[in-house]
Amino acid sequence: MDVQQIIFQFIGGLGIFLFGLKYMGDGLQRSAGDNLRDILNKFTSTPFRAVLAGIVVTVLIQSSSGTTVLTVGLVSAGFMKLKQAIGIVMGANIGTTVTAFIIGFDIGAYALPIIAVGALLLFFFKRPFINSLGQVIFGFGALFYGLELMGDGLRPLEDLEVFTNAMVTLSHNPILGVVSGTLFTFMLQSSSATIGILQELYSQGSMSLEAALPILFGSNIGTTITAILAAIGASVAAKRTSASHIIFNLSGTIIILLLLSPFTSLVSFLSTQLNLNAAMQIAFAHGMFNVFNVLVQMWFISQIVALVTRLVPGDDALIEYDSSNLDYSIIQTAPSIALNQAKLEIAQMGEFVTEEFKSMFNYYKNQDEKSRLNTMQLEEVVNKIDVHLTEYLMLISVEDLPLQNSTEHAQLVDVTKYLERIGDHSENVIKNIQEAVKANKKHNKNNSNKKDEKVFYDDDLVKLFELVEQNIKDAVESFSRDSYALAGKVLKREKDVNKLEDDIRSKFIERLNKGVGLPSDGILFVDIVSNLERMSDHSTKIAKHTLGMRYPFQKQSKIPRHGYIKEVAEPIELP
């Protein structure tokens with residue numbers, strides 16, 4: 001027996017199997033596009049629908065961990081409650097059993113032709129859908145080819161006395177089997193890989209069903225490790241979702257271990273009645289376990305929520321987003337009212353953009369992880385509102401609108417984009433500061449005598465932040481309230497922003513010329529100032545829409561001939 005050949009063939013086969021699984025999942029995900037998040041976002045109104053959504057998405061991406069990560073993102077961004085997330089996590093556990101059923105079909109002999117078909121679609125066709133299909137087929141074939149290699153590598157193990165004794169021990173000690181399955185899944189970071197190996201060993205007669213089932217249950221606990229790692233340093237909402245995943249799988253395993261003897265008998269009975277092969281027996285056992293687990297625990301979702309809230313205390317800083325403003329049913333019957341609904345949604349979007357800027361400003365001042373995470377969550381909400389609003393306004397655009405409403409429609413489209421860009425600039429500033437913080441820490445590490453200090457902290461820059469923040473706030477409020485006074489203040493303040501921007505640039509360049517600060521900071525600092533100035537520019541454009549002077553044909557719509565604006569004490573200059 002060549003031990004080296006066994007090891008090489010096993011780890012090589014495992015590598016190809018994992019690659020095939022990931023590649024197939026990526027292809028399925030590319031085919032589905034943004035529909036995955038929409039499925040999770042829209043179809044979770046009841047626990048049962050949440051479970052179904054979790055199943056569908058996990059089948060599409062072939063990864064329960066991937067579904068959990070998507071769910072955590074939606075919870076953190078305020079699009080989903082923890083109660084809905086737990087239902088999705090339960091469904092993900094059922095969805096992941098599909099991989100075991102796929103493996104149960106013995107088509108390993110056709111793995112290479114399947115890979116060839118996938119490669120043909122990948123390299124000789126240009127259409128994205130055909131390429132994605134080729135990726136799925138190629139990954140499917142690689143999965144089975146990897147299994148074949150693993151099986152060939154594992155086959156000599158049944159002749160080893162040490163391995164045989166270990167399987168006998170596992171048969172008599174289910175707890176040890178659960179621990180083995182958990183650790184093996186943790187090392188491979190894939191429950192599907194663990195179950196695939198288990199199916200190969202059981203198919204070869206290297207282990208009994210009594211030894212295989214506890215390892216199978218342990219793989220479900222092991223897959224939660226990914227969620228634990230993803231939740232480290234994340235928001236409270238992410239940690240609670242991860243904790244609910246652990247509680248669900250752990251309690252399910254404990255319940256099934258108490259019923260291990262009757263469960264094993266049931267699997268054996270069904271295998272005989274349905275004439276299942278060995279690999280399919282493991283797949284059925286896995287499916288039955290997860291379906292049973294969900295059917296029992298889905299009635300206790302509220303209790304799981306209460307438990308994880310106690311276990312993971314703290315303010316989850318959930319961002320509430322109410323999308324009820326957009327009523328699609330009135331677009332055809334009353335498009336002018338639909339425009340008003342869109343304006344209400346823009347007002348809400350403006351509030352989120354303002355909050356995002358404040359959170360980004362806090363990150364600049366404190367450079368704390370909480371502010372950074374909060375900014376990124378708010379940016380996700382802003383992007384989501386932008387998608388919904390753009391779709392809503394496009395549907396309105398095909399209706400017959402009076403001239404006045406058509407002008408208002410154009411304004412709403414523009415303001416939506418300006419707000420979305422302000423959010424993007426906030427994200428850019430966050431990334432610049434984060435990069436500078438990393439460079440500063442590295443620099444200070446090399447200079448042990450130097451103390452850590454806040455990067456880019458400058459009184460003039462703080463003042464620029466404050467001016468831009470006020471401009472964003474006033475612009476948003478001026479548009480939602482049709483306030484000429486606030487819009488006029490934005491235009492007047494823009495001059496101060498531009499002057500301060502020039503002064504800061506000159507001062508910083510002068511400092512760099514004197515050798516103060518890191519040369520690499522120059523680009524990042526100037527980029528931050530530029531982003532702030534652009535945010536103020538977008539605020540000015542919003543204010544001009546309020547005043548009716550964004551476009552040439554609007555100049556006389558709201559601006560009196562004398563150049564003064566209603567509610568404004570001081571004159572402003574028209575562009």
Side-chain angles (χ1 to χ4, degrees), residues 33-34 37 41 73-74 76-79 319 321 323 342 345-365 367 369-394 410-438 456 461 464-480 490 494 497-498 501 504 523-545 550:
D34 295 330
R37 289 175 68 87
N41 190 16
L74 288 168
S76 297
F79 294 114
I319 301 163
Y321 164 51
S323 60
E345 188 72 356
I346 286 174
Q348 184 176 210
M349 183 181 184
E351 290 174 6
F352 281 117
V353 168
T354 306
E355 284 300 314
E356 183 180 354
F357 186 92
K358 287 179 180 177
S359 184
M360 178 268 289
F361 189 14
N362 283 334
Y363 181 66
Y364 166 73
K365 290 184 288 188
Q367 289 163 24
E369 186 64 10
K370 184 178 179 181
S371 295
R372 189 190 71 82
L373 285 171
N374 196 45
T375 305
M376 300 310 290
Q377 290 168 19
L378 284 161
E379 170 62 7
E380 191 170 355
V381 176
V382 169
N383 287 338
K384 196 73 175 180
I385 298 175
D386 173 51
V387 171
H388 287 164
L389 260 172
T390 302
E391 179 190 30
Y392 193 74
L393 289 168
M394 282 179 65
Q411 287 180 327
L412 295 178
V413 171
D414 278 359
V415 172
T416 301
K417 291 306 168 191
Y418 297 146
L419 289 172
E420 193 273 333
R421 285 168 192 159
I422 290 172
D424 287 344
H425 287 305
S426 290
E427 185 181 11
N428 291 342
V429 172
I430 282 281
K431 290 177 179 177
N432 286 332
I433 297 171
Q434 193 177 15
E435 195 173 333
V437 168
K438 288 179 182 176
F456 294 154
L461 187 55
L464 182 61
F465 267 101
E466 290 170 348
L467 286 173
V468 174
E469 181 182 347
Q470 194 60 50
N471 256 8
I472 295 170
K473 183 180 176 182
D474 286 351
V476 168
E477 198 172 347
S478 75
F479 188 77
S480 59
V490 173
E494 175 66 7
V497 170
N498 291 335
E501 182 211 2
I504 291 172
I523 297 172
L524 295 172
F525 185 87
V526 170
D527 204 23
I528 289 172
V529 175
S530 296
N531 276 289
L532 290 171
E533 193 272 333
R534 286 171 192 157
M535 282 189 258
S536 188
D537 282 347
H538 292 312
S539 302
T540 304
K541 291 173 185 175
I542 294 171
K544 285 182 178 180
H545 270 307
R550 179 73 184 101

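Source: prediction; values computed, not measured. Keep in mind that the numbers below use all heavy atoms, side chains included, and drop hydrogens, waters and symmetry copies.
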Atom pair [atom1] ([X]) and [atom2] ([Y]), whose distance is rounded to the nearest 0.5 Å:
X: Leu532; Y: Leu461; atom1: CG; atom2: CG; value: 6.5 Å
X: Phe479; Y: Ile542; atom1: CZ; atom2: CD1; value: 8.0 Å
X: Thr540; Y: Ile472; atom1: OG1; atom2: CD1; value: 10.5 Å
X: Asn383; Y: Phe352; atom1: CG; atom2: CZ; value: 12.5 Å

Tell me, please, which residues at least two apart from [X] pass side-chain hydrogen bond (donor to acceptor under 3.5 Å, both in side chains).
X: Ser480; answer: none
X: Glu501; answer: Arg505
X: Ser536; answer: Asn471, Glu494
X: Gln434; answer: none

Nearest non-hydrogen partners of [X] and [Y], listed with the distance:
X: Ser371; Y: Asn362; value: OG-CB, 3.6 Å
X: Leu393; Y: Ala342; value: CD2-CB, 3.9 Å
X: Thr375; Y: Ser359; value: OG1-OG, 2.9 Å

Any heavy-atom pair between the side chains of [Y] and [X] that's under 4.5 Å?
X: Leu412; Y: Ile346; result: yes
X: Glu345; Y: Met349; result: no
X: Val468; Y: Ser539; result: no
X: Met535; Y: Phe357; result: yes
X: Ile422; Y: Val382; result: no
X: Val353; Y: Val476; result: no
X: Ser426; Y: Glu379; result: no
X: Leu464; Y: Val529; result: yes

- Message: Please enumerate all residues that pass side chain to side chain contact (heavy atoms under 4.5 Å, CB included) together with Glu351, with sequence neighbours excluded.
- Response: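 Result, side chain to side chain contact (heavy atoms under 4.5 Å, CB included) vs Glu351: none returned.
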- Task: With sequence neighbours excluded, tell me which residues meet side chain to side chain contact (heavy atoms under 4.5 Å, CB included) with Gln470.
- Result: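 Result, side chain to side chain contact (heavy atoms under 4.5 Å, CB included) vs Gln470: Lys473, Asp474, Arg493.
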- Under the side chain to side chain contact (heavy atoms under 4.5 Å, CB included) criterion, do Tyr364 and Ile528 qualify, and how do the steps go? CA-CA 10 Å; Tyr364 166 73; Ile528 289 172; 5.7 Å; no
- Task: Could you tell me whether Glu427 and Lys431 have a side-chain N and a carboxylate O separated by less than 4.0 Å?
- Result: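 Answer for the salt bridge query: yes.
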- Message: Strictly by salt bridge (Lys or Arg N to Asp or Glu O under 4.0 Å), give each pair with a member in residues 415-426 just once, sequence neighbours left out.
- Response: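 Checked against salt bridge (Lys or Arg N to Asp or Glu O under 4.0 Å) - neighbours excluded - the pairs reaching residues 415-426 are Asp386-Lys417.
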- Passing candidate, side-chain contact (heavy atoms from CB on, under 4.5 Å) with Met360, options Leu378, Val429, Asn531, Asn374: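 With Met360 as partner, Leu378, Val429, Asn531, Asn374 yield a single side-chain contact (heavy atoms from CB on, under 4.5 Å), made by Val429.
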Who are the salt bridge (Lys or Arg N to Asp or Glu O under 4.0 Å) partners of [X], not counting sequence neighbours?
X: Glu477; answer: Arg481
X: Glu533; answer: none
X: Glu355; answer: Lys358

- Message: Once ring pair (Phe, Tyr, Trp, His ring centres under 6.0 Å) is applied, do any residues pair with His538, and if so which ones, sequence neighbours excluded?
- Response: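 If we apply the ring pair (Phe, Tyr, Trp, His ring centres under 6.0 Å) test to His538, skipping adjacent residues, the hits are Tyr418, His425.
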- Item | Pair Arg372-Met376, side chain to side chain contact (heavy atoms under 4.5 Å, CB included): steps then yes or no | CA-CA 6 Å; Arg372 189 190 71 82; Met376 300 310 290; 4.1 Å; yes
